[in-house]
Amino acid sequence: MTVRVRFAPSPTGFLHIGSVRTALFNWLYARHTGGTFVLRIEDTDTARNTEQSLRTILDGLAWLSLKHDEGPYFQSQRAEIYRRRIQELKDKGLAYERDGAVRFKMPREPVVMNDLIAGTVTRELTDREALDPDFVIVRSDGNPVFHFVNVVDDLEMKITHVIRGEDHLSNTPKHIALFRAFGAEPPAYAHIPMILNADGTKMSKSDPDPAKARLASLANYITDGYVPEAVRNYLCLLGWSPKDDRQVLPIEEVIQKFDLPQILRSNARFDVTKLTWLNGEYLRTMPVDRFIELAQPFGGGDPKVLALVKDKLKLLKELPEKTRHFVSDDFPVDPEAAAKWSGAGERLHRLADKFAATAWEAPALEAALKGLATELGIKPAELIHPCRVAVSGTTAGPSLYHMLEVLGRDRVLARLRK
RNA sequence: GACCCCAUCGUCUAGCCCGGUCCAGGACAUCGCCCUUUCACGGCGGUAACGCGGGUUCGAAUCCCGCUGGGGUCGCCA
C-alpha cells in the first residue's frame with residue numbers, strides 16, 4: 001500500500017505553529033515511506049481574504065521547504081462531490097433533513113479507535129451526545145460542514161494515514177462512522193499531542209497577551225529572523241526524539257528515522273529560548289553564502305561585514321544594529337563604556353597616528369597596536385578596549401583587528417581622532 | 001456536566017513496551033570556573049525530576065488501581 005497523507009489547513013490568514021508541526025510530521029512520514037504528501041485547502045465556510053490567506057499557507061510551507069506532491073485542492077471547488085455524497089447517505093437512509101439542515105445518523109454504540117499514537121481508544125457517548133447522537137452534516141444554508149467534507153475528501157483522495165492534532169481525537173468516531181456509512185474502511189489515524197505555551201495554556205493567535213499571540217504564528221518566526229532549518233529542526237524535537245543525545249539533526253536523518261508509533265503521547269510546551277539557541281547554532285555553522293542569502297530580507301549588506309558578524313547573532317533581525325557602525329557614522333554609543341574610557345583620548349590619537357602609517361590588514365594593525373602599547377609602557381588592553389568603543393560604540397563585537405580592517409582606514413582614523 | 005488523552009529536572013526529552021545495570025542520562029535555561037583583545041563560541045563543574053496514595057513483586061521511574069493535576073472534545077466553527 002502506498003502511503004498518502006495530507007495537510008488540510010483552513011485559510012484563516014495565518015499559519016499556526018502547531019499546524020506547521022502537523023504539516024511537518026505529515027511531510028516527514030510521506031518522505032519516510034516514499035508516500036505522497038497532499039495539500040488540501042479547507043475553505044468551505046469562510047470566503048474571507050482567500051487570496052492572501054492562501055498565500056500565507058503556501059509561503060509558510062515553502063519557507064520550511066515542505067513541498068507537497070499533490071494539490072492544492074480546494075474544497076470550495078468540490079461542491080458537486082459533496083452533493084453527490086450527501087445524496088448517497090440519504091439514499092442509504094443514513095442521513096435525514098431536519099429544520100432545513102441535513103443530519104447524519106450516528107451509531108449509538110461506543111466506537112473503538114486504534115490510534116497509531118494514542119493506542120486503542122474506546123469512546124463512549126457524552127451525556128449530551130446520548131440525548132441525540134446525530135449531527136449536522138449540511139447547514140440549512142446548504143453548506144456541508146467540516147466533519148463531512150473532511151471525510152469525503154480523505155475518502156476521495158484515498159488518504160491512508162490521517163496525521164493531525166489531538167484536538168480531533170474525540171471527533172474521530174464521527175469520522176469513522178461516516179467512512180463506514182460510505183461502505184469504506186477508515187484510514188489509519190495518528191493523533192499528535194498539542195503544543196502549548198510555556199505556561200501550559202493553549203497557543204492562540206488571539207491570545208490577549210500579544211507576546212503569546214505572536215508565538216502562535218509562523219509569521220512571527222519569519223520576521224524575527226529565525227532560520228527555516230532551525231525552526232523545522234526544533235519542531236521535530238517537539239514530540240519526537242532521535243533517542244540519542246543530539247539536538248541538531250540533519251533533516252535527511254530525521255526522515256530516515258521518523259515513524260508514527262514513536263511519537264510522544266504527551267503535550268509539549270513551546271520553549272522559544274531553546275529555539276533561539278538552536279537558531280544561533282544554525283547561524284554559526286552555516287556557510288557564509290547561505291547566511292548572506294538569509295540576510296537579504298534583513299537589510300543585507302557588504303559580504304565582508306556580514307561574514308564578520310555572522311557568528312555573533314542569534315536572530316537575523318539583530319543584523320541592522322550589529323552592522324550599523326559599518327555603514328554609518330551615526331551609531332549609538334554605550335554611555336557606560338564611553339565614560340570608562342573617557343580619559344583615553346590622547347592614547348587614541350597616538351593610535352590613529354600609528355595606524356595612519358600601517359598597512360590596512362588585521363595582522364599589521366595588531367602589530368601596530370601592540371607596538372604602540374610597548375612604546376607607551378601600557379597593556380594592549382588599554383588601547384584595545386577604548387579603540388573598540390571609539391569605532392563601534394560598544395564593548396561587544398567581532399575580533400577588533402578584523403573589524404578595523406573591514407571598517408576601513410578613513411572611518412577608523414576619523415573615529416579615533418574624534 | 002459527560003466523554004477522551006496525558007503525567008521523568010523550570011522546559012524539551014532518554015529510560016518505561018521486554019521490572020534489577022537508574023541514589024535516573026542528554027539538551028535549553030540558570031549558577032560557578034577556565035579559555036579569551038570585548039561579546040559570543042567552546043571546555044569543565046554545580047543546582048535541579050520519576051505528582052500523590054495504594055497494590056503486584058525478593059525488587060518498580062518502569063506493571064495494575066485510585067486520586068490529584070494538565071490538555072482536549074461534546075457547534076448549522078474548522
Side-chain angles (χ1 to χ4, degrees), chain A residues 8-12 19 42-46 75 98-103 110-111 113 115 117-119 121-133 135-147 149-150 164-174 191 193-196 198-202 234 237-248 261 264-278 280-281 284-285 309 311-314 322 337 366 369-370 373 379-389 392 394-403:
Chain A
S10 72
T12 57
S19 299
E42 307 222 331
D43 58 349
T44 43
D45 185 54
T46 46
Q75 290 186 330
R98 190 168 94 188
D99 302 332
V102 180
R103 292 165 54 93
V111 174
M113 310 173 256
D115 194 276
I117 296 169
V121 177
T122 304
R123 234 218 82 172
E124 313 271 348
L125 296 178
T126 68
D127 51 1
R128 278 174 219 219
E129 289 168 335
L131 259 30
D132 179 9
F135 59 94
V136 170
I137 50 179
V138 181
R139 301 186 192 89
S140 46
D141 66 6
N143 286 335
V145 306
F146 163 77
H147 295 302
V149 294
N150 189 268
R164 61 186 3 173
E166 197 187 38
D167 47 344
H168 288 296
L169 184 60
S170 292
N171 287 327
T172 303
K174 291 178 180 171
H191 286 93
M194 311 269 83
I195 301 180
L196 307 174
D199 61 5
T201 55
K202 191 173 181 173
Y234 178 71
L237 260 19
L238 242 36
W240 180 83
S241 163
K243 301 209 188 286
D244 55 30
D245 292 333
R246 289 166 314 134
Q247 315 293 319
V248 181
L264 273 296
R265 304 207 191 159
S266 49
N267 294 343
R269 299 186 188 203
F270 195 90
D271 183 1
V272 74
T273 306
K274 181 162 182 178
L275 201 212
T276 305
W277 164 79
L278 237 195
E281 289 289 305
R284 231 171 290 117
T285 53
V309 300
D311 296 353
K312 302 290 177 182
L313 301 178
K314 278 229 162 66
K322 299 283 190 198
E366 177 169 7
L369 184 145
K370 287 187 172 162
K379 286 187 287 189
E382 298 194 58
L383 285 171
I384 289 169
H385 298 307
C387 178
R388 174 184 296 283
V389 174
S392 72
T394 170
T395 58
S399 158
L400 178 65
Y401 310 112
H402 293 90
M403 180 162 70

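Throughout, a chain's letter reflects where its sequence line sits, starting with A, and its residues are numbered from 1. Everything numeric in this text was worked out from a predicted model, so none of it was measured.
- Under 4.0 angstrom from either OP1 or OP2 of B:G15 there lies at least one side-chain N or O belonging to A:Lys243.
- The distance between atom CD of A:Glu281 and atom P of B:C28, rounded to the nearest whole Å, is 8 Å.
- Here B:C41 is the nucleotide among B:G26, B:C41, B:C4 with the atom lying nearest to any side-chain atom of A:Lys314.
- When the C1' atom of B:U37 is taken as reference, atom CD of A:Glu366 falls 8 Å away, rounded to whole Å.
- For A:Val121, whose side chain is taken as the heavy atoms from C-beta onward, the closest listed nucleotide among B:A27, B:C12, B:C5 is B:C5.
- In this structure the side chain of A:Asp132 reaches within 4.5 angstrom of the side chain of A:Arg103, judged on heavy atoms.
- Using a 4.5 Å heavy-atom threshold, the side chains of A:His168 and A:Asn150 count as separate.
- Side-chain atoms of A:Ser140 come within donor-acceptor range of the base of B:C76, with a qualifying N/O pair under 3.5 Å.
- Between B:A60 and B:G42, the distance separating the two P atoms is 41 Å to the nearest Å.
- Comparing A:Val145 and A:His385 along RNA chain B, the residue whose closest nucleotide (by nearest heavy atom) sits nearer the 5' end is A:His385.
- Looking at the side chain of A:Thr395, the nearest of the listed nucleotides B:A78, B:C74, B:U38 is B:U38.
- Considering only side-chain N and O atoms, A:Arg139 lies under 4.0 angstrom from the phosphate OP1 or OP2 of B:A78.
- Each of A:Phe270 and A:Thr273 was assigned the nucleotide of RNA chain B with the nearest heavy atom; the assignment lying further toward the 5' end belongs to A:Phe270.
- Remark: the backbone N or O of A:Ala396 is paired with a side-chain donor or acceptor of A:Thr394 at under 3.5 angstrom.
- Nucleotides B:C65 and B:U21 place their C1' atoms 29 Å apart, quoted to the nearest Å.
- Rounded to whole Å, atom C1' of B:C41 lies 12 Å from atom CH2 of A:Trp277.
- Looking at A:Asp141, its side chain does come within 3.5 Å of a backbone N or O of A:Asn143 through a donor-acceptor pair.
- Counting any heavy atom pair closer than 4.0 Å across all strands shown, A:Pro398 reaches a base atom.
- With B:U13, B:U37, B:G1 as the candidates, the nucleotide lying closest to the side chain of A:Ser399 is B:U37.
- If you check B:G25, B:C6, B:C4 against the side chain of A:Arg265, the one that comes closest is B:C6.
- When each of B:G71, B:A27, B:C4 is scored by its nearest atom to the side-chain atoms of A:Leu196, the top-ranked nucleotide is B:G71.
- In this entry B:C16 has no Watson-Crick or G-U wobble partner, no candidate having both defining distances under 3.5 Å.
- If you check every strand for non-hydrogen atoms under 4.0 Å, A:Gly165 touches nothing.
- When heavy atoms are screened at a 4.0 angstrom cut-off, A:Thr122 is found touching the sugar-phosphate backbone but no base atom.
- Across all strands shown, B:U21 forms no Watson-Crick or G-U wobble pair with both distances under 3.5 Å.
- Side-chain contact between A:Arg123 and A:Leu169: absent, with no pair of heavy atoms (C-beta onward) separated by less than 4.5 Å.
- Comparing B:U13 with B:C6, their C1' atoms are spaced 16 Å from each other, to the whole Å.
- Nucleotide B:G75 is matched to nothing when pairs are restricted to Watson-Crick or G-U wobble geometry with both distances under 3.5 angstrom.
- Searching all strands for a Watson-Crick or G-U wobble partner of B:G42 with both distances below 3.5 Å returns B:C34.
- Distances from the side chain of A:Asp99 to the nucleotides B:G25, B:C41, B:C76 place B:C76 closest.
- Remark: the separation of the C1' atoms in B:C9 and B:C23 is 15 Å, to the nearest Å.
- When the P atom is compared between B:C41 and B:C22, the two are found 32 Å apart, to the nearest whole Å.
- Distance from the side chain of A:Arg269 is smallest for B:U11 among the nucleotides B:U11, B:U13, B:U38.
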What nitrogen or oxygen pairs link the protein and nucleotides 44-50 of chain B at under 3.5 Å?
none

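- In this structure, of B:C74, B:C28, B:G72, it is B:G72 that holds the atom nearest to the side chain of A:Ser170.
- Rounded to whole Å, the distance from CZ on A:Phe146 to P on B:G75 is 14 Å.
- A 3.5 Å limit on both hydrogen-bonding distances identifies no Watson-Crick or G-U partner for B:A61.
- Of the C1' atoms belonging to B:G54 and B:G70, the separation is 23 Å, rounded to the nearest Å.
- Summarising the base pairing, B:A7 is matched to B:U68 through a Watson-Crick or G-U wobble pair whose two defining distances lie under 3.5 Å.
- Between A:Val121 and A:His191, every side-chain heavy-atom pair lies at or beyond the 4.5 Å cut-off.
- Side chain of A:Arg139 to main chain of A:Val145: no donor-acceptor pair is present (N/O by atom type, distance under 3.5 Å, no hydrogens or angles).
- Checked by distance alone, A:Arg388 brings a side-chain donor or acceptor within 3.5 Å of a matching partner on the base of B:U37.
- The side chain of A:Arg284 approaches B:G42 more closely than any other nucleotide in the set B:G72, B:G42, B:C3.
- For the C1' atoms, the distance from B:G20 to B:U62 is 11 Å, rounded to whole Å.
- In terms of modelled atom types and a separation under 3.5 Å, the side chain of A:Tyr234 and the main chain of A:Val272 share no donor-acceptor contact.
- Straight-line distance between the P atoms of B:C35 and B:C12: roughly 36 Å, to the nearest whole Å.
- For the pair A:Leu369 and A:Tyr401, the minimum side-chain heavy-atom distance is below 4.5 Å.
- Note on A:Leu400: a base of the nucleic acid sits closer than 4.0 angstrom, heavy atoms only.
- Among the atoms of the strands shown, base atoms are found under 4.0 Å from some heavy atom of A:His168.
- A distance-only check finds a donor-acceptor pair linking the side chain of A:Arg265 to the backbone of A:Ile117 [under 3.5 Å].
- Looking only at side-chain heavy atoms (C-beta outward), A:Lys274 and A:Leu238 stay at 4.5 Å or farther from each other.
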